[in-house]
Amino acid sequence: MGYRATLNLPRTSLPMKANLSQREVGILSFWEEKKIYQRIREERKGRRKYILHDGPPYANGNIHMGQALNKILKDVAVKYKTAQGFDSPYVPGWDCHGLPVEHQLFKKLGINKNKISRLEFRQKAREYALHFVDKQRNQFKRLGVFGRWEEPYLTLSPSYEGEVIDAFGRLAKRGYIYRGLKPVRWCFQCQTALAEAEIEYKERQSPSIYVKFPVKDSSDLASSHLPVYLLIWTTTPWTLPANLAIAIHPQHQYCLVQVDKEILILAKDRLPFLEEEIGIKPNRILSVHKGEKLKGLKYNHPFISRQSEVLAADYVSLDEGTGCVHTAPGHGAEDYLLSLEHNLPVYSPVDGEGKFNSQAGELEGIKVFEANPLIVEKLKQKGYLLHQGKVVHSYPHCWRCGSALIYRATPQWFLAVDKHNLRQKAIRAVENEVEWIPPASRMRMGSMLKERPDWCLSRQRYWGVGIPVVYCKDCGEAMVDEEIIDRIKNLTSKYGSDFWFKEPVERILPRGYSCRGCGGERFKKEEDIIDVWFESGVSHHAVLVQEETLGDPSDLYLEGSDQHRGWFQTSLLTSMALKDRPPYRGVLTHGFVVDSEGRKMSKSQGNVVDPQEIVSTHGADVLRLWASLEDYTQDIRISAEILKYAVEVYRRIRNTYRFLLGNLYDFDYLQDALSFDELRDIDKWVLSHLQELVRDTTASFEKFKLHEAVHLVHLFATNELSSFYFDVLKDRLYTFPPDSKGRKSAQTTLWHLLISLSKLMAPILSFTAEEVWGHIRKIEGCASGKASRMEESVFLSSWPRVDDNLVNENLEIVWEKILRVREGVLKELEEAREAKTIGSSLEARVTITAPFSELSSLKDLGNELKEVLIVSQVQLEEGEELKIRISRAEGQKCERCWNYSLDLGTDKEHPQLCGRCRKAILKCTR
RNA sequence: GGGCUCAUAGCUCAACCGGUUAGAGCGCUGUCCUGAUAAGGCAGAGGUUCCUGGUUCAAGUCCAGGUGAGCCCA
């Protein structure tokens with residue numbers, strides 16, 4: 001045992017146990033203290049830019065797994081591009097306005113809209129949002145994400161808000177903005193529109209009536225003299241005055257049935273139900289037609305002098321009703337969309353209190369629900385009521401006052417998607433001007449754009465940017481005025497959007513401003529705010545264009561797949577409308593984080609995984625590794641088992657770094673490195689392989705295929721290094737004299753491996769790579785006393801380049817042969833081990849019989865062959881085919897190097913040593 | 001219900017235009033080592049490629065239908 005001290009065993013202060021959750025905190029403060037991000041910016045100034053524009057997460061709550069994944073992927077991309085030499089600043093953003101903040105805040109305050117002033121509420125909402133910006137910022141930073149955290153972009157900052165208004169103004173000037181009607185869920189008690197999240201569904205009893213609409217000319221369908229009716233079903237009789245169409249499904253079968261002296265048109269499949277439910281007794285079915293045939297059929301309104309027609313709609317279902325759907329564009333969501341397709345007016349003769357207005361004629365002043373029985377009565381009188389009953393169904397109610405809601409059309413501001421061919425231009429840009437990863441995104445974007453209706457920009461909410469429009473109090477004319485919008489923009493940029501709600505309209509308008517229409521001088525402000533999707537959608541205008549350090553268009557948007565309809569689309573539309581080109585050159589989407597079964601995470605399922613928890617138990621690097629191990633173009637699973645896998649991969653990579661560092665403790669690259677020509681063949685071979693790894697890994701990073709890159713590195717560490725190269729190298733590293741050429745050759749190789757491997761993994765294992773880098777810097781110059789030339793942080797260094805001088809194809813071919821022989825030897829060794837002939841492979845003597853052609857490369861290795869095979873003795877024999885025999889090694893085991901040899905005991909002082917070790921010891925002690 | 005997408009070993013991923021016996025790594029089992037040691041080496045077992053049809057000399061791969069899952073919309 002006395003010879004252990006004469007060996008060069010590995011020494012390193014890089015602990016095997018990472019204890020990442022604590023170590024990472026130290027590295028974070030290193031980055032902070034050394035201002036690494038700022039220094040990268042300095043360093044890369046003037047280089048070609050690569051702009052990844054951050055899609056702003058919503059400033060509410062703690063970060064969840066999806067956001068963690070998203071930020072990690074962005075960070076990997078930015079760090080990779082930076083290492084490649086790009087100037088790639090990352091400015092994180094937050095989406096601060098909107099309903100979720102309102103929602104949470106009202107809940108937290110335990111009050112409703114009526115109990116607090118708009119300004120007071122906005123102040124609180126601001127504090128609330130900023131609180132979460134701060135919280136999330138710390139959580140993102142903890143993941144190791146580099147960026148301009150101290151100065152993010154916030155959609156609630158005055159400058160951003162000003163640009164939102166500016167964008168609205170520019171779009172208005174180009175004719176994209178118009179005022180139209182759209183039905184919204186309306187509470188006439190609270191006199192307000194409600195968002196989906198504010199609706200509570202409760203059971204409610206409603207009338208259920210079947211109404212006949214007289215068909216004007218049915219000669220195409222039946223040659224009867226009896227009157228023909230379209231039969232509809234509704235639970236909202238009060239919407240009948242606003243009926244402007246009847247929808248049918250174009251693919252379903254409809255029949256004309258004779259019932260007494262009348263003919264009814266209804267879906268064939270609904271007939272049995274109707275016979276049972278309302279007791280109609282069909283005499284006979286006259287004819288059956290595909291829904292398509294009914295398209296365009298004209299009918300008269302039962303009690304209003306109006307003619308409308310039948311329209312085809314795919315949403316018509318045969319689960320209830322008659323298959324003929326009463327359509328009132330002002331009072332229903334689907335009705336509204338159908339009306340857009342066919343240019344029907346959005347007719348809604350109901351005021352904010354839920355009363356019919358003057359358009360409704362004799363119903364004027366009557367509340368809609370009170371009008372129900374009156375309308376039913378009228379239908380009955382006129383003979384158009386086929387059946388009346390009652391139905392109890394789930395019906396939307398106001399979450400605050402509990403009263404039943406109605407759909408009611410109100411004036412709103414829209415962005416016209418077909419103006420100036422915007423839709424077509426956007427679709428063309430999607431097809432030709434943007435790189436989509438994965439490519440399926442192109443299709444998804446395209447089909448969405450094809451179908452989408454005009455964009456409703458109005459929101460009847462508190463927390464957001466006011467729509468910069470005023471109305472003449474005298475004639476009601478809406479002033480969408482370039483000059484005024486510009487004023488509002490400037491005031492907003494200065495004081496924030498609160499001013500719009502605070503200041504009286506007179507102080508906002510220029511002196512003497514008068515109505516274009518009637519010359520009136522009294523105005524009121526628009527009360528609605530702009531859709532928050534518009535706010536984030538113009539971030540290219542509010543951030544990329546404004547910030548000198550950034551650039552427009554950006555190189556990459558990288559978000560979850562839900563953003564096809566969200567941010568990708570809103571950004572594209574606004575950019576196309578403003579600048580005639582997309583805001584991004586590339587778009588990368590990732591899937592959603594799901595559980596081990598592929599199911600989405602939900603609180604009720606109890607399968608939610610919290611990123612904070614993973615960071616504190618495993619460390620951020622493990623989370624980053626997990627994100628990079630999976631193919632994120634699809635949904636990505638996470639579970640304890642999957643995390644365990646990430647931990648295993650992490651351990652293998654960390655131990656690789658540890659082995660490399662441990663054997664370089666006495667290696668000062670500045671004075672000890674050998675030139676490439678001086679290296680041993682096996683070392684040259686490994687470096688040649690390393691070039692291949694660098695080349696392949698780089699290609700994978702270029703394609704953002706992180707899982708490919710990680711797998712490559714992992715395989716290299718496992719197959720090339722750990723199980724072969726390192727194993728072979730141990731003898732040379734440990735037992736050779738410290739300064740021997742053989743050992744320095746190995747160390748030179750290890751050095752290159754270490755540098756490259758830490759750089760390759762730095763974008764992903766940022767903390768660990770930085771930790772390792774710190775250790776390497778300490779080693780360099782340790783002996784020569786020179787200062788290290790290495791950058792202070794791995795992130796200030798550059799991506800490894802493939803060194804063509806190190807690529808050696810001949811060597812690869814030769815070694816491929818050697819490795820094949822080795823494989824055979826290993827198999828035989830295992831059998832010998834099972835037969836208890838040997839334990840350790842050093843107890844073996846290998847006899848290899850091979851044809852002359854195969855033998856030569858083995859012979860060339862000389863003494864190294866037994867090192868490569870990690871056996872004590874090798875004998876080569878020429879024979880017809882490859883044959884391997886194992887026997888026990890001859891001689892005795894050297895106490896120092898554990899090899900068996902015959903030359904033990906020749907030195908009286910060191911009877912336990914082999915000749916080689918004797919020499920080594922002499923060198924050491926001299 | 002509609003648009004887009006996915007399904008290969010227990011897990012994470014491969015398999016170019018359709019072409020031998022579907023490959024890796026991890027995990028698992030066995031084993032060696034005790035000088036990377038809460039490490040490391042070696043070997044082995046593991047697959048009805050979600051199901052059902054079809055096209056083809058040939059299908060994990062192409063087509064149709066189904067099942068399960070995800071995002072978006074309704």
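The chains referred to below are lettered A, B, ... by the order of the sequence lines, with proteins before strands, and numbering in each begins at 1. For the numbers below, each heavy atom of this structure counts, side chains included, while hydrogens, waters and symmetry mates do not.
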>> Show every salt bridge (Lys or Arg N to Asp or Glu O under 4.0 Å) that has at least one partner inside residues 645-663 of chain A, sequence neighbours left out.
In response: A:Glu648-A:Arg651, A:Arg654-A:Glu771
> Is there a donor N/O on one and an acceptor N/O on the other, under 3.5 Å, for the side chain of A:Thr656 and the base of B:A36?
Replying inline: no
>> Could you report the tightest heavy-atom contact between A:His64 and A:Pro611, atom names first, then the distance?
In response: C-CG, 3.7 Å
>> Looking only at the side chain of A:Arg651 (C-beta and beyond, no hydrogens), which of the listed nucleotides B:A36, B:C11, B:G27 gets closest?
In response: B:G27
> Can you find a side chain N or O atom of A:Ser723 that sits less than 4.0 Å from OP1 or OP2 on B:C42?
Replying inline: yes
>> Using the ring pair (Phe, Tyr, Trp, His ring centres under 6.0 Å) criterion, which residues pair with A:His714? Sequence neighbours excluded.
In response: none
>> If the condition is ring pair (Phe, Tyr, Trp, His ring centres under 6.0 Å), which residues does A:Tyr395 pass it with, not counting sequence neighbours?
In response: A:His393, A:His397
Can you pull every protein N or O that's under 3.5 Å from an N or O on nucleotides 70-74 of chain B?
from, atom 1, to, atom 2, distance (Å)
B:G70, OP1, A:Lys600, N, 3.4
B:G70, O4', A:Asp635, OD2, 3.2
B:G70, O2', A:Asp635, OD1, 3.3
B:G70, O2', A:Asp635, OD2, 2.6
B:C71, O2', A:Arg444, NH2, 3.2
B:C71, O2', A:Asp562, N, 3.4
B:C71, O2, A:Arg444, NH1, 3.4
B:C71, O2, A:Arg444, NH2, 2.8
B:C72, O4', A:Arg444, NH2, 3.2
B:C72, O2', A:Arg565, NE, 3.0
B:A74, O2', A:Glu334, OE2, 2.7

>> Taking CD in A:Gln892 as the centre, count heavy atoms belonging to other residues, nucleotides or ligands within less than 6.0 Å. Is the count above 12?
In response: no
Can you list the residues that meet the salt bridge (Lys or Arg N to Asp or Glu O under 4.0 Å) rule with [X], with sequence neighbours excluded?
| X | result |
| --- | --- |
| A:Asp731 | A:Arg916 |
| A:Arg444 | none |
| A:Glu702 | A:Lys81 |
| A:Lys182 | none |

> Reading nucleotides 30-35 of chain B from the 5' end, what letters show protein touch, with B for base, S for backbone sugar-phosphate only, - for no heavy atom under 4.0 Å?
Replying inline: B-SSSB
> Where does RNA chain B form stems of at least three consecutive Watson-Crick or G-U wobble pairs, each pair having both distances below 3.5 Å?
Replying inline: B:1-7 with B:67-73, B:10-13 with B:23-26, B:28-32 with B:40-44, B:50-54 with B:62-66
>> Could you check, using the six-membered ring where one of them is a Trp, whether A:Tyr725 and A:His689 have ring centers closer than 6.0 angstrom?
In response: no
> Does A:Val434 have any side-chain contact (heavy atoms from CB on, under 4.5 Å) partners at least two apart in sequence or in another chain, and if so, which?
Replying inline: A:Trp436, A:Pro582, A:Tyr584, A:Val587
Check: protein-nucleotides 23-25 of chain B nitrogen or oxygen pairs below 3.5 Å:
from, atom 1, to, atom 2, distance (Å)
B:G25, O2', A:His714, ND1, 3.2

